[in-house]
Amino acid sequence: MTWCIYLTHPEVRIDPDVPVPEWTLSDLGRERAAKAAFLPFAREIRQVISSSEQKAIETARIFAARLNVFQRALAFLNENDRSATGFLPPEDFEKTADAFFEQPFVSIRGWERAIDAQDRVVNGVRSALRHIPEDHPVLFVGHGAVGTLLKCHLMATPISRQHDQARGGSWYRFEKRWLMDQTGRNLGWTEL
């Protein structure tokens, strides 16, 4: 059975004057991703699929180059659409993100609803896995919020920030069948 890893990009260069999807990895983020490409789980990866946002693409390229595997960027893994607010100072962002998870059926400040982002990522991952050989482990590289939304689905629990990562550059492993048979699992984030 195919196993998968969901990995969030590590640290980025935060620039309020640059659209969030165009942010790049910081030096620390690149260093952490490069080290992570040598972790035991990485040796088995046969394909890397990332969000189409720059920080995720950069993370995915580090893994794909190290492992010499196919890498592609697909929009279904993009972060929840926050373009209505753009950059928010950290305290304001955290309050808005809390509301995003607490009220998944409501658009908070014009953001994409959490339930819609969850449907997008779950259906996108399912679709991608249908076209990948059963014995090929896959690395999905995305963002914290959509990783948490996918994790909530995999665990068969309501959308909640309680299952969020502690820090960017965290990952969890799941089996392909967990998406296909709707069986909840107890997953935990592991930091790079």
[X] (side chain) donor-acceptor with [Y] (main chain) under 3.5 angstrom:
X	Y	answer
Asp116	Glu112	no
Asn78	Ser52	yes
Tyr172	Thr190	no
Ser83	Gly86	no
Lys176	Leu129	yes
Trp23	Asp15	yes
Gln71	Ala64	no
Thr59	His9	no
Tyr6	Thr148	no

Answer yes or no: is there an ion pair linking [X] with [Y], defined by an N-O contact shorter than 4.0 Å?
X	Y	result
Asp92	Lys95	no
Lys55	Glu22	no
Asp27	Arg13	yes
Arg30	Glu11	no

Of the options Phe41, Phe63, Trp189, Phe140, which is the one that meets Trp171 in a ring-ring contact (aromatic ring centres under 6.0 Å, His included)?
Phe41
With a 3.5 Å cut-off and no angle check, do the side chains of Thr85 and Arg109 form a donor-acceptor pair?
no
Could you pull out the closest heavy-atom pair between [X] and [Y], with the gap in Å?
X	Y	value
Gly169	Arg32	O-NH2, 3.6 Å
Gly29	Pro10	O-CG, 3.2 Å
Phe100	Arg113	CE1-C, 3.9 Å
Arg120	Leu77	NH1-C, 4.1 Å

Run Val20 and Glu79 through side-chain contact (heavy atoms from CB on, under 4.5 Å) and show every step you take.
CA-CA 10 Å; Val20 175; Glu79 186 62 278; over 6 Å; no
Does Phe93 reach the side chain of Arg82, with side-chain heavy atoms less than 4.5 Å apart?
yes
Quick one: CG on Leu149 to CD1 on Ile115, what's the gap to the nearest 0.5 Å?
8.5 Å
